[in-house]
Number of protein chains: 2
Amino acid sequence: MSVAVAVHEKAITLAKLALRMTAKAGSGHPSSALSLAHLVAHLMYRQMKFDPADPWNPEADRLVLSEGHAVPIIYAAWADLGGVVRGAGGERKLEIDDIDGLRTRDSVLDGHPNPAEGFPFFDAATGSLGQGLSVAAGLGLAAKRDGTGRRIYCLIGDGESREGQIWEAVDFIADHQLINVCAIFNCNGQGQAAAISYQQSADRIASKLEAFGYNVAIINGHDPLEISRALTEFDESHQRPVAIVAKTVKGWGVKTLLKGNWHGKPLSEDQLTDAEMSLDEHYAAAIEGLTKGGKLDGPAAPAKPKIVDLPDVEGAQWPAFAEAIEGGGLGEALKKGKLATRRAYGAALKVAGDLFPQVVALDGDVSNSTFSNIFAKYHANRFFECKIAEQNMVSVAVGLSAAGRIPFVNSFAKFIARAYDQIEMASISRANIKLVGSHAGISLAADGPSQMSLLDVAYFRAFTTVPGDDREHPLCWVFHPADAVAAYHCTRLMTQLRGMCYMRTHRPDVPLIYEPDTVFEPGGFHVLHAGDDLALVTAGYMVHIVKEAAELLAEQQINVTIVDAYSLPLNAERLVETLQRSGGKALVVEDNYGGLGGAVAEIAAAAGNLRVVTLGCRRIPKSTLTSADELDYCGVGPTQIVEHVRSLL
Amino acid sequence: MSVAVAVHEKAITLAKLALRMTAKAGSGHPSSALSLAHLVAHLMYRQMKFDPADPWNPEADRLVLSEGHAVPIIYAAWADLGGVVRGAGGERKLEIDDIDGLRTRDSVLDGHPNPAEGFPFFDAATGSLGQGLSVAAGLGLAAKRDGTGRRIYCLIGDGESREGQIWEAVDFIADHQLINVCAIFNCNGQGQAAAISYQQSADRIASKLEAFGYNVAIINGHDPLEISRALTEFDESHQRPVAIVAKTVKGWGVKTLLKGNWHGKPLSEDQLTDAEMSLDEHYAAAIEGLTKGGKLDGPAAPAKPKIVDLPDVEGAQWPAFAEAIEGGGLGEALKKGKLATRRAYGAALKVAGDLFPQVVALDGDVSNSTFSNIFAKYHANRFFECKIAEQNMVSVAVGLSAAGRIPFVNSFAKFIARAYDQIEMASISRANIKLVGSHAGISLAADGPSQMSLLDVAYFRAFTTVPGDDREHPLCWVFHPADAVAAYHCTRLMTQLRGMCYMRTHRPDVPLIYEPDTVFEPGGFHVLHAGDDLALVTAGYMVHIVKEAAELLAEQQINVTIVDAYSLPLNAERLVETLQRSGGKALVVEDNYGGLGGAVAEIAAAAGNLRVVTLGCRRIPKSTLTSADELDYCGVGPTQIVEHVRSLL
C-alpha cells in the first residue's frame with residue numbers, strides 16, 4: 001500500500017495553512033513555501049526521528065531551513081503536529097490557530113526561522129541566505145563526535161546556492177565525511193527578481209555536487225515516490241555524502257501563484273478560497289492512478305537521550321597563569337620576558353580545552369599564526385580545520401553551539417570580517433560562540449593593510465551597545481588584552497560567559513604589564529597610572545605605546561592617567577570617575593579606524609563636563625618594516641600622542 | 001626553435017629576485033612566489049600585451065594576483081622589465097635595486113598588491129584571499145562592453161579556492177560569457193598550516209570547473225610547453241570560458257624551501273647563495289634535452305588606446321526633482337504624497353545613468369526591492385545582475401571601477417554586510433564604488449532581524465573617521481536620506497564624489513520633508529526645527545519618528561531642535577553651534593545598533609560642555625506587523641523618545 005497519496009494529502013494540508021498564515025499576516029513567501037510542501041511533508045511525517053513534545057532531545061533529527069523565507073510550510077507542519085514552542089507564557093503546544101499570529105509581535109512564529117523567539121524545532125536563525133548548510137554541518141559534526149544517530153536535513157534554495165558559502169559547506173562536509181548531513185536543493189527555478197541562472201539549474205547543481213564528491217539524486221520534488229527513493233539512498237550511504245536535487249514548482253498547486261512574479265507576496269484573504277480549490281484540483285490530478293489507503297506514521301521516536309554530565313564552565317578552578325603558559329609549551333618564551341597576546345591566548349585555549357570537554361576550536365588554515373594549534377596539539381579530536389573559508393567556519397560554529405559546544409573561532413581579525421553577516425545571524429540565534437581575531441590593528445606592519453583589521457572594534461563595539469535578553473549582558477562582549485596575562489584571563493572570561501564574545505589579539509611580542517593574578521572582569525578596565533592632567537584611554541597593543549608616550553610626557557611634567565580599556569562595554573560610572581580625577585580630559589588612542597573613541601565619548605558626553613578627543617589611524621596603512629614605523633605613518637606613534645596631549649592641555 | 005629554455009631562464013631570474021627581496025625585507029612569501037615563477041615568466045614575457053611604460057592603456061592586458069602574498073614574483077618581473085611606477089617622486093621606471101625596498105615605508109612595493117601605493121600594473125588591492133577572480137571579472141566585463149581586445153589573467157591559489165567567492169566569480173563569468181578572463185589555479189598543494197584538502201586538489205578543482213561549465217586544461221605549471229599549450233587553448237576559445245589548473249611546487253627549485261613548512265617565511269640573507277645554486281641546478285635539470293636558442297620577445301604591444309570623451313560627473317546639470325521622479329515612472333506614486341527613499345533612489349540612479357555613460361549598476365537578485373530595476377529598464381546594457389552572491393558583486397564593482405566605471409552596488413543593507421571584507425579591500429584600492437543598502441534598520445518590521453541592517457551605520461561610520469589620500473575627503477562618505485528629495489540629491493552627490501560612498505535607504509513609504517531644491521552636501525545636516533531645550537539628532541526613517549516625538553514634546557511645552565544628520569562625517573563646527581543653541585543637550589535617536597550616537601558624541605565630547613545621550617535599539621528586533629510596533633518593541637518609538645527627553649531635562 002502506497003503512502004504517496006497520504007504524502008500528497010499532507011502536502012495539501014500544509015500548503016493551505018501556509019497560504020492562510022501569510023495572507024493573514026499580509027506578508028511572507030507562500031510561493032517558496034509551496035515548492036517545499038511535499039519535501040517537508042515527507043521529511044517531517046515519514047523520514048525524520050523526533051518527538052514534537054521534546055524538540056530538545058539531542059538524539060532527535062534536525063532540519064535546517066537555509067532558505068528561511070519558506071518557513072510558513074514548517075510552521076504549518078509544526079502546528080499540525082502540535083509541536084512544542086516556548087513563548088512568553090512558557091512551553092506549550094502550537095495550535096493550528098496560532099498560525100494566524102505569524103509575524104506578529106507576541107508570536108513565536110517569526111518572519112524567518114529563529115529559535116530564540118521560541119521555536120525550538122530550529123537550531124539557528126536563517127533568512128540571510130546561504131548559511132544553513134554550514135549550520136547543518138556544525139550539527140552533523142557534533143552528532144558524529146557524540147556518536148548519536150541524529151541526522152541533519154538541510155533545505156537549500158536554488159537561487160541561494162549561488163552564495164559561495166554553500167560550496168564552502170559542501171567542501172567542509174566532504175572533508176569531515178559528515179554522511180549524517182543531507183543537503184536537499186529545492187530547485188524551483190525562480191529567484192526574486194527573475195528566473196535563476198542556468199548555473200543554478202538542477203542539472204548544473206547536480207553536476208557541481210558530483211564534482212565536489214557527492215552522490216547525487218535528481219528527483220521530482222513533488223513526487224513522494226521519488227523523494228522516498230532519494231532519502232533511502234541517503235539512509236543507506238555510508239561512504240560519500242549524499243545530496244538531493246529536487247526539481248520543484250514555485251507556488252505548486254495554486255494557479256495564481258504560478259503566474260508572473262509572486263516571490264515574497266502573500267495572497268489576499270479574498271484569494272484564499274480560489275487557491276484552496278486550485279490545490280484540491282492539483283491534488284486530485286496528482287493522486288490519479290496511485291493506490292490509496294497508505295498512512296503517514298508521523299515522525300518516528302528518537303532514541304532516549306544519554307545523560308552527559310558536563311562540567312560547569314563557571315565553577316572550575318583555572319590554573320595559575322605561569323602554569324597555563326608552561327602547559328602550552330610557552331614557558332621558554334615567557335622567560336625572555338615578552339609574549340604576544342595571540343600566543344598566550346593559544347595556551348589559555350588549551351587550558352579551556354583541558355577543563356571543559358565542551359570547548360572546541362575551529363581555524364581557517366592559520367592555526368600556526370593564531371596559535372589555536374596549541375589547542376589542536378592536545379585536543380586533536382576537538383579541533384576542526386575549516387580551511388580558508390571563514391563564512392562557513394562561523395556558521396559551523398553556530399551549529400556546534402546549538403549542539404552544546406563552546407566553539408572558539410580563530411583567524412586573523414581581518415579575515416573574520418569575511419563573516420560579519422554570519423556573525424550578525426549568530427547574534428540573532430543567541431549562539432554561544434567565541435570569536436578570536438589575531439594580527440589586529442596596524443602593529444602587523446610589514447604585511448600591509450590587506451591583512452590588518454581596522455574596523456573590527458567599531459563593528460563589535462556596536463553589539464556592546466545593545467542589552468541581551470537577560471538585560472544585564474550585552475549582545476557581545478569585546479576583549480582586547482594588552483599582555484599575556486590579560487589574554488589568559490580574558491580567555492577564561494570568554495569561556496565562562498554565556499553568549500557571543502570577540503577577542504582581538506596582536507602579532508608582536510610584548511612585555512608583561514600585569515601581575516599573574518590580576519583580576520579581570522567583563523566590561524572592566526585597569527588604571528595603570530594615575531595622573532591629574534589628562535587620561536590616555538587605549539587597549540591592546542597600544543597600551544604599550546601609550547605607556548611610552550606617558551613617559552615622554554612625564555619628562556615634560558605632564559602627568560597622565562593610563563586606562564587599559566580591555567573590555568567593552570565599559571563600566572560607565574567608573575570611567576566617568578576616572579576621567580574626572582584626571583583633569584576631566586581624555587585622549588583615546590587607537591590603532592584602527594575609531595571604535596573605542598566612540599565608546600568613551602558616548603560615556604563622557606552622557607555625563608557631560610568631560611572633554612574627550614580620539615586619535616585613531618589618520619590614513620590607510622601601507623607596509624612598513626616595523627610596527628613603530630607603521631604607527632608613525634598612521635599618526636599614532638608615541639611622539640604624535642604627546643603632541644595631541646599637549647594640544648589638548 | 002623552442003623558447004622553453006628562455007622561459008626557464010627567466011623563471012630562474014625572477015625566482016632569484018623574489019628570494020632576494022623577501023630575504024632583505026625579512027618577511028614575505030618566497031615559496032608561494034616560486035611556485036608561480038614559470039607561469040609569470042610565460043604570462044608577462046610571452047602571452048600578455050602591455051607596455052611597461054604605460055600600464056594605464058585601456059587596451060593592455062591585465063593580471064590580477066588573487067593570491068596576493070605571492071607578489072614578489074610580479075615585482076621581480078616588473079623591475080626586470082623596467083615597468084613604470086608612481087611613487088612620491090612621480091612616475092619613474094622601477095629598477096632592479098628597488099626590490100630591496102620591498103615592504104619599506106617609502107617603497108611602492110607593498111607587502112601585498114596595492115595599486116594605490118604606486119604600482120599601476122595592478123588594478124586592485126588583493127591579499128585577503130578569494131577576491132581576485134571577481135575583480136578580474138569586473139575588468140573583463142568592462143572590456144567586453146568597451147569592445148577592447150584586453151584580456152584578463154587571474155592567478156588563484158589552490159588553498160584560496162576554498163573561499164566560496166571564487167565559485168561565485170566562476171558562476172558570474174559563465175553567466176556573462178566573459179571569455180576574455182583566464183582563471184589560472186596555482187595548485188602547489190600546500191596551505192599555510194598544512195597541506196590543502198583533497199577538495200582543493202588539482203584534480204578536484206578541474207572537475208569542479210568542468211561542472212561549472214568551463215573548458216579546463218590541467219598542466220604542469222613549471223613546464224613552458226604545457227603552459228603555452230593551455231594559453232593557446234584560451235586564446236582560441238570563443239564559446240566557453242577557459243580555466244587552467246596548473247600543478248606546481250611550492251618553493252620550486254630551492255631545496256631548503258621544499259622541506260617542512262615554509263609558508264610566509266623568507267630565507268635569511270645567508271641562505272641566498274645556496275638557494276641560488278639550488279635554482280641553477282634545477283634549471284640545468286629542467287632544460288636537459290630542450291632545444292636552446294629561443295628568445296622571449298617580452299610583452300607584445302597593446303593596441304593604441306581609443307580616446308573616449310566621457311562627461312565630467314561634477315559638471316552636468318541634473319534635472320529638477322519632480323522631473324527625475326517622473327522620468328523614473330514614479331510620478332503617480334509621488335502624487336499620493338509618500339515615497340520610499342529606496343524608490344526615489346531608483347529614479348535618481350536612472351538619471352545618473354542618463355547623464356553619465358560611465359555609471360553602471362549591479363544588483364543581487366533584489367532589483368525589484370532596491371529599485372535598481374528602474375535603472376535596468378532604461379540602461380539594460382549597463383545593469384549587471386549578479387544573483388545572490390554579494391561578495392562577488394562588490395569585488396566585480398572594484399574591477400569595473402578600475403576600468404573607469406562608476407558602479408552602484410545594490411542589495412538589502414543587511415546583505416551588503418556579506419561583503420564587508422571586500423568593501424574594506426575596496427577602500428584600500430581607493431575604488432570609486434557606491435554602495436546602496438535598502439531595507440536598513442528596523443522599520444522593515446515584518447520580515448524580522450535576518451533581513452534588517454543593524455550594524456551598518458557603525459561599520460561605515462568608522463571609515464568616515466579617517467581622512468582619505470587628499471586629506472579633505474574621508475575614506476567613505478555615508479548618506480542616510482530621510483525622504484525622496486534627500487535620496488535624490490544624495491544620489492547626485494554620490495555620483496559626483498570621487499571615492500567610496502555608502503547610502504542607506506528604507507522600505508516604508510514616507511511623506512516628503514524637503515522642498516525639491518533644498519541644498520544637500522557631503523557631511524551636511526539640516527535643522528528641521530529650532531528649539532532651545534534640547535536637540536534631537538537622527539537620520540533616515542527616524543527623522544519622521546523624531547518629528548512625531550517633537551510634536552508630543554511641544555504639547556508639553558518642551559521645544560526641541562530637530563537635526564537630520566543625513567551625511568557622515570558630520571560638519572563638527574556647525575553641529576557644536578547647533579547643539580549649543582539647543583540647550584547644550586542632545587538625544588541621538590537610531591533605528592539600529594549605535595553608530596550615529598558615537599559620531600555625535602565624539603564631536604560633542606571633543607568640544608566639551610555638551611551633553612549627548614544615545615537612544616538606539618534596546619534589543620534584538622523580531623517580526624512585528626508594523627514599523628510602529630517594531631519601534632516600540634525596540635524602545636525607540638515616539639513616546640519612548642519623549643520619555644528619554646524628559647529624563648534628560
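- In terms of heavy-atom pairs under 4.5 Å with chain A, the best-connected choice from B:G584, B:A605, B:G157, B:G448 is B:A605.
- At a 4.5 Å heavy-atom cutoff, the contact between A:C386 and chain B is made by backbone atoms alone.
- Atoms CG and CD1, from B:N114 and A:I620 in turn, are 8.0 Å apart once rounded to the nearest 0.5 Å.
- If you measure heavy-atom distances from A:A599 to chain B, you find no contacts under 4.5 Å at all.
- Side-chain contact between A:E602 and B:V612: absent, with no pair of heavy atoms (C-beta onward) separated by less than 4.5 Å.
- Among A:G264, A:A417, A:G468, the residue making the largest number of heavy-atom pairs under 4.5 Å with chain B is A:A417.
- A:A193 and B:V366 get closest at one heavy-atom pair: CB-N, 4.4 Å.
- Looking at B:P113, there are no atoms closer than 4.5 Å to chain A (heavy atoms on both sides), in backbone or side chain.
- Ring-plane geometry between A:Y420 and B:Y459 is classed as perpendicular, the angle between the planes exceeding 60 degrees on a 0 to 90 degree scale with a lower cut at 30.
- Contact of A:E117 with chain B is made through the side chain alone, with heavy-atom distances under 4.5 Å.
- A distance of 6.0 Å separates CG of A:D447 from NE2 of B:H29, quoted to the nearest 0.5 Å.
- Comparing B:G191, B:G68, B:S453, B:S427 by heavy-atom pairs within less than 4.5 Å of chain A, the highest count is held by B:G191.
- Here A:V466 is the residue among A:V466, A:T614, A:I603 with the most heavy-atom pairs under 4.5 Å with chain B.
- With respect to chain A, the highest number of heavy-atom pairs below 4.5 Å among B:A419, B:A446, B:A389 belongs to B:A446.
- Contact of the A:K387 side chain with the B:Q199 side chain is not registered, since no non-hydrogen atoms from C-beta on lie closer than 4.5 Å.
- Contact of B:Q192 with chain A is made through backbone and side chain together, with heavy-atom distances under 4.5 Å.
- Neither the backbone nor the side chain of B:E630 has a heavy atom closer than 4.5 Å to any heavy atom of chain A.
- Heavy-atom pairs under 4.5 Å with chain B peak, among A:A604, A:G159, A:S367, at A:G159.
- Here the closest non-hydrogen pair linking B:D110 and A:S623 is OD1-N, 3.0 Å.
- Here B:P449 is the residue among B:A169, B:G130, B:P449, B:A607 with the most heavy-atom pairs under 4.5 Å with chain A.
- Here the straight-line distance linking atom NZ of A:K622 with atom CG of B:D106 works out to 7.0 Å at 0.5 Å rounding.
- Ranked by heavy-atom pairs shorter than 4.5 Å toward chain B, the options A:Q200, A:R430, A:Q165 are led by A:R430.
- Neither the backbone nor the side chain of A:L209 comes within contact range of chain B, judged by heavy atoms closer than 4.5 Å.
- Contact annotation for B:I166: neither backbone nor side-chain heavy atoms come within less than 4.5 Å of a heavy atom of chain A.
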Step by step, work out the side chain to side chain contact (heavy atoms under 4.5 Å, CB included) result for B:V170 and A:K208. CA-CA 12 Å; B:V170 167; A:K208 290 177 180 179; over 6 Å; no
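- For chain B, the nearby part of A:F415 is the side chain; its heavy atoms alone come within less than 4.5 Å.
- Between chain B and the residues A:G594, A:P467, A:P621, the most heavy-atom pairs under 4.5 angstrom are made by A:P467.
- Considering only heavy-atom pairs separated by less than 4.5 Å from chain A, the leading option among B:I416, B:L454, B:N609 is B:L454.
- If you measure heavy-atom distances from A:E390 to chain B, the contacts under 4.5 Å come from both the backbone and the side chain.
- Residue A:A376: no heavy atom, backbone or side chain, is found under 4.5 Å from chain B.
- Between A:S128 and B:K414 the shortest heavy-atom distance is CB-NZ, 3.7 Å.
- Contact annotation for A:L102: only backbone heavy atoms (N, CA, C, O) come within less than 4.5 Å of a heavy atom of chain B.
- Contacts of B:Q391 with chain A are made by side-chain atoms alone, with heavy-atom separations under 4.5 Å and no backbone atom involved.
- Between A:F212 and B:W167, the ring planes are perpendicular. Angles over 60° get that label, and only those under 30° would be called parallel.
- A:T104 has its side chain out of reach of B:T624: every pair of non-hydrogen atoms, C-beta onward, lies at least 4.5 Å apart.
- Between the OG atom in A:S197 and the CZ atom in B:F172 there is a gap of 11.0 Å [rounded to 0.5 Å].
- Within the 4.5 Å cutoff, the side chain of B:R418 has heavy atoms near those of the A:Q422 side chain.
- Between the CG atom of A:L455 and the CZ atom of B:F460 there is a distance of 9.0 Å, given to the nearest 0.5 Å.
- Residues A:S207 and B:A211 share a closest heavy-atom pair of O-CB, 3.4 Å.
- A:R162 and B:D365 are not joined by a salt bridge, as no carboxylate oxygen comes within less than 4.0 angstrom of a charged side-chain nitrogen.
- The parts of A:S369 that come within reach of chain B are both its backbone and its side chain, each placing non-hydrogen atoms under 4.5 angstrom from that chain.
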Let me see the working for B:H263 and A:N368 under side chain to side chain contact (heavy atoms under 4.5 Å, CB included), right down to the final yes or no. CA-CA 10 Å; B:H263 179 91; A:N368 51 345; over 6 Å; no
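- Only the backbone of B:L610 comes within contact range of chain A, with at least one heavy atom under 4.5 Å from a heavy atom of that chain.
- Looking at B:M393, there are no atoms closer than 4.5 Å to chain A (heavy atoms on both sides), in backbone or side chain.
- Using a 4.5 Å cut-off between heavy atoms, B:T465 contacts chain A through both its backbone and its side chain.
- Interface check for chain B: of the options A:M425, A:H112, A:R471, A:E210, the most heavy-atom pairs under 4.5 Å are formed by A:H112.
- Atoms OG and CD, from A:S450 and B:E424 in turn, are 9.5 Å apart once rounded to the nearest 0.5 Å.
- Listed options B:E385, B:K585, B:Q131 were ranked by heavy-atom pairs under 4.5 angstrom with chain A; first place goes to B:Q131.
- Residues A:R619 and B:D469 are not paired through a salt bridge, judged by the lack of any N-O separation under 4.0 Å between the basic side chain and the carboxylate.
- Interface remark: A:D363 contributes no atoms to any contact with chain B (heavy atom separation under 4.5 Å).
- Contact of B:T626 with chain A is not made at all, since no heavy-atom distance falls under 4.5 Å.
- When heavy atoms are compared at a cutoff of 4.5 Å, B:A125 does not approach chain A at all.
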